[in-house]
There are 2 protein chains.
Amino acid sequence: MKSPATPPKKITIYDVARAAGVGTTTVSRVLNNDPAVKPQTRDSVLATITALGYRPNIAARSTGGGKSRWIALLYQNPVIHYIHPIQQGAIDRCRDADHMLSVHSCQNTGQALIDEVLDIVDQLQPSGVVLTLPLSISPKLIQALRERQVSLVRVAPAGLNDPAARVYFDERSAGAAMTRALIAQGHRRIGFLAGLPEGHPQPDERRQGFADAMLEAGLKVPAAHMSCGSFHFDEALAPLRTMLSRKQPPTAIFCANDDMAAAALQVAAELNLAVPRDLSVVGFDDSYIARIVTPRLTTIRQPLHEMGWEAVDMILRGQATPDMGYQRVLPYQLVEGRSTAGLPAEG
Amino acid sequence: MKSPATPPKKITIYDVARAAGVGTTTVSRVLNNDPAVKPQTRDSVLATITALGYRPNIAARSTGGGKSRWIALLYQNPVIHYIHPIQQGAIDRCRDADHMLSVHSCQNTGQALIDEVLDIVDQLQPSGVVLTLPLSISPKLIQALRERQVSLVRVAPAGLNDPAARVYFDERSAGAAMTRALIAQGHRRIGFLAGLPEGHPQPDERRQGFADAMLEAGLKVPAAHMSCGSFHFDEALAPLRTMLSRKQPPTAIFCANDDMAAAALQVAAELNLAVPRDLSVVGFDDSYIARIVTPRLTTIRQPLHEMGWEAVDMILRGQATPDMGYQRVLPYQLVEGRSTAGLPAEG
DNA sequence: GTGAAAGCGCTAACAG
DNA sequence: CTGTTAGCGCTTTCAC
């Protein structure tokens with residue numbers, strides 16, 4: 001019940017400087033962990049900061065010579081389970097670095113998208129930008145950002161012909177590993193539901209991994225067993241219905257993300273196919289979805305939280321400047337759920 | 001292939017003023033839609049702004065007398081399907097208002113939480129703060145924020161004894177409506193899995209709605225048919241197993257959110273109960289989860305996106321100042337999925 | 001209607 | 001090691 005009407009008298013760096021008997025520069029140095037401050041002075045300043053409850057204004061810090069303490073996270077039409085852990089990782093890294101995260105959901109495409117992003121960048125002047133799929137594989141966007149000289153990290157499976165910093169994991173070998181696991185269980189007719197449409201300019205790593213393993217096992221994939229669901233549950237239903245209601249349907253289906261695998265479970269139910277008895281279903285990402293559907297999905301664990309964390313970390317460490325091409329590769333893991341089963345040993 | 005090494009010469013309000021032959025004040029007025037600018041002048045300024053590709057620096061705008069153009073969205077240990085649409089709604093409203101959204105995931109509890117939030121508020125000086133569950137029902141936090149004189153909106157079902165602005169929908173009557181629908185289908189033994197634990201200081205509106213409808217129908221609810229899953233899939237499994245494996249299990253179970261309903265589907269499968277034949281399952285929220293599990297859940301559609309949108313809107317309209325108690329009530333809707341079925345007419 | 005000038009709170013040379 | 005002094009880019013009185 002403290003004076004409820006107290007005007008929120010903002011306390012500034014001047015107040016701290018005066019109270020501590022030092023100049024504002026010194027306070028600023030302490031704030032920025034400048035090692036060139038005598039420990040004794042530092043402690044004294046720190047003490048008054050605490051005593052006064054002082055908190056530096058982030059906007060003022062960004063003006064003048066100061067570097068902005070903002071990280072921008074950009075996404076577009078996101079698969080929620082993909083973007084949220086990344087965001088969380090980014091927030092976690094920001095917190096420990098006295099930075100804040102500004103999240104933007106882009107709306108446009110083509111030149112309008114570029115303008116939209118430049119608008120954000122120019123207004124915010126962030127320390128760096130984290131680009132997630134599908135923004136992270138747009139060469140024009142990357143190029144525009146490079147011209148603006150902004151640090152950026154792409155969270156993206158596939159490299160582009162440019163040196164932008166990137167965090168990723170080897171989706172191609174993960175896709176192959178998953179496919180091999182199905183083959184080892186006795187599956188021969190394996191369907192694949194891609195996320196990226198056939199003619200997409202970017203290489204589809206997941207699908208390539210699938211193709212690698214099938215080829216290596218000498219298995220053919222009829223065209224009818226390949227389709228695309230654009231990574232979204234709703235859009236996956238129709239192609240799945242088509243694929244699974246053919247005369248000779250696959251005994252296993254590999255979906256390029258968990259959302260589409262959830263759709264496969266639904267379609268299987270519609271067609272009275274028991275999973276995994278009649279049909280094995282595997283996903284990709286080990287997102288929240290994979291854990292809560294019944295049966296729990298066999299999938300590839302993608303370290304999304306770490307990816308967000310690492311992306312921001314690269315920015316903070318200066319490994320994401322326009323002239324740098326740092327890359328960080330993270331490990332993946334095959335997670336065995338209950339959506340897959342071996343095939344009875346026959347032909 | 002424009003001069004790739006061009007230093008990103010920032011263009012400022014001075015550049016615009018000079019090019020347009022006006023003072024910086026006028027440019028500022030145009031930027032802020034001050035009606036006191038002659039239309040002709042405005043157009044001319046707007047034209048040069050476009051021509052120069054000028055974008056005001058948000059940090060500089062926040063200093064001095066300027067009002068911050070930031071909205072802070074705070075959450076803690078979120079149910080991802082609850083928080084993401086709210087965030088999206090908030091972003092959408094911000095975009096149209098020349099504001100930006102800063103997202104924060106709080107870590108602490110008790111006094112540390114309050115310090116954490118005050119830290120954010122003092123550093124960012126946002127135009128307003130959006131508090132989501134469970135932060136939005138913490139009286140101490142609300143009180144601390146009020147002392148700081150910050151605008152805030154609570155996204156919260158239950159009112160507190162304070163006049164903080166709030167956006168919500170009537171969870172109690174929604175819970176009752178859902179329960180009545182089950183009763184109308186012939187169910188008599190209906191279980192309830194709450195999100196909030198029994199002794200929680202905040203009223204549990206969903207559970208109350210359930211109780212209302214059961215009472216009104218003259219139905220008893222044995223203690224064994226009431227439990228709590230804390231809104232999270234993982235935590236819901238154990239209580240569901242207990243409840244559903246009793247001798248006389250409920251024929252329908254009402255889960256306080258969709259994530260827990262997904263858990264009910266899983267437990268039902270474990271126990272060889274077919275849904276909805278042997279057990280009807282209903283959720284709450286109509287989140288993404290409800291739409292992608294099999295069978296699709298019967299649930300209550302909560303307008304989460306709108307809630308985020310409205311929350312920011314209230315801040316922008318000045319309806320969320322510490323002395324105001326505006327409330328906005330949004331409609332809900334019962335969504336019929338495939339997880340419920342009527343009971344054969346017997347006793 | 002419009003402009004000149006004074007900040008906003010902080011960081012960054014540049015001295016000492 | 002520390003303080004003085006300019007700004008940073010914008011908004012806002014207060015005049016005209």
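Proteins get letters first, then strands, A, B, ... in listed order; numbering begins at 1 in each. The model shown is predicted, which means the values in this text are computed figures rather than measured ones.
Ring-plane geometry between B:H84 and A:H84 is classed as perpendicular, the angle between the planes exceeding 60 degrees on a 0 to 90 degree scale with a lower cut at 30.
The CD atom of B:Q125 sits 11 Å away from the C1' atom of C:dG9 (whole-angstrom rounding). If you measure from atom NZ of A:K10 to atom P of C:dC10, you get 11 Å, rounded to the nearest angstrom. In this structure, CG of A:L124 is placed 20 Å from P of D:dC8, rounded to the nearest angstrom. Distance B:Q40 CD to C:dG1 P: 12 Å, rounded to the nearest Å. One can place CZ of B:R42 at 13 Å from C1' of C:dT2, the figure rounded to the nearest angstrom. In this entry the distance linking CG of B:D122 with P of C:dC10 reads 11 Å, nearest Å. Atom-to-atom, CD1 of A:I13 to P of C:dA12 comes out at 11 Å; the value is rounded to the nearest Å. One can place CG of A:D34 at 15 Å from C1' of C:dC10, the figure rounded to the nearest angstrom.
Between B:Q302 and B:M307, some side-chain heavy-atom pair lies under the 4.5 Å cut-off. Looking at A:C106 and A:V117, their side chains come closer than 4.5 Å, going by heavy atoms from C-beta outward. Side-chain contact check for A:V130 versus A:L101: every heavy-atom pair is 4.5 Å or farther apart. The side-chain heavy atoms of B:Q88 and A:I80, taken from C-beta on, include no pair separated by under 4.5 Å.
Nucleic acid contact class of A:T26 (heavy atoms, under 4.0 Å, all strands): sugar-phosphate only. Residue A:V27 is out of contact with every strand shown, counting any heavy-atom pair closer than 4.0 Å.
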Donor-acceptor pairs are to be reported for all side-chain atoms of residues 311-320 of chain A against protein atoms at under 3.5 Å, with residues two or more places apart or in another chain.
from: A:D313; atom 1: OD1; to: A:R93; atom 2: NE; distance (Å): 2.7
from: A:D313; atom 1: OD1; to: A:R93; atom 2: NH2; distance (Å): 2.9
from: A:D313; atom 1: OD1; to: A:R317; atom 2: NE; distance (Å): 3.4
from: A:D313; atom 1: OD2; to: A:R317; atom 2: NE; distance (Å): 2.7
from: A:D313; atom 1: OD2; to: A:R328; atom 2: NH1; distance (Å): 2.9
from: A:D313; atom 1: OD2; to: A:R328; atom 2: NH2; distance (Å): 3.0
from: A:Q319; atom 1: OE1; to: A:R328; atom 2: NH2; distance (Å): 2.9

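Residues from residues 46-57 of chain A lying near DNA chain C, meaning a heavy-atom separation below 4.0 Å, are A:Y54, A:P56, A:N57 in numerical order.
Across all non-hydrogen atoms, the minimal contact from B:A144 to B:L118 is O-CD2, 4.2 Å.
For C:dC10, neither phosphate oxygen OP1 nor OP2 lies less than 4.0 angstrom from any side-chain nitrogen or oxygen of A:K67. OP1 and OP2 of D:dG9 both lie 4.0 Å or more from every side-chain N or O belonging to B:T12.
You'll find a donor-acceptor pair under 3.5 Å spanning the side chain of B:T63 and the base of D:dG9, going by distance alone.
Counting non-hydrogen atoms of other residues, nucleotides and ligands closer than 6.0 Å to CD of B:Q111 gives a total above 12.
If you take CE on A:M100 and CD1 on A:I91, they are separated by 11.5 Å, rounding to the nearest 0.5 Å.
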Tabulate atom names and distances for all N/O pairs under 3.5 angstrom spanning the protein and nucleotides 4-6 of chain C.
from: C:dA4; atom 1: N6; to: B:T25; atom 2: OG1; distance (Å): 2.6

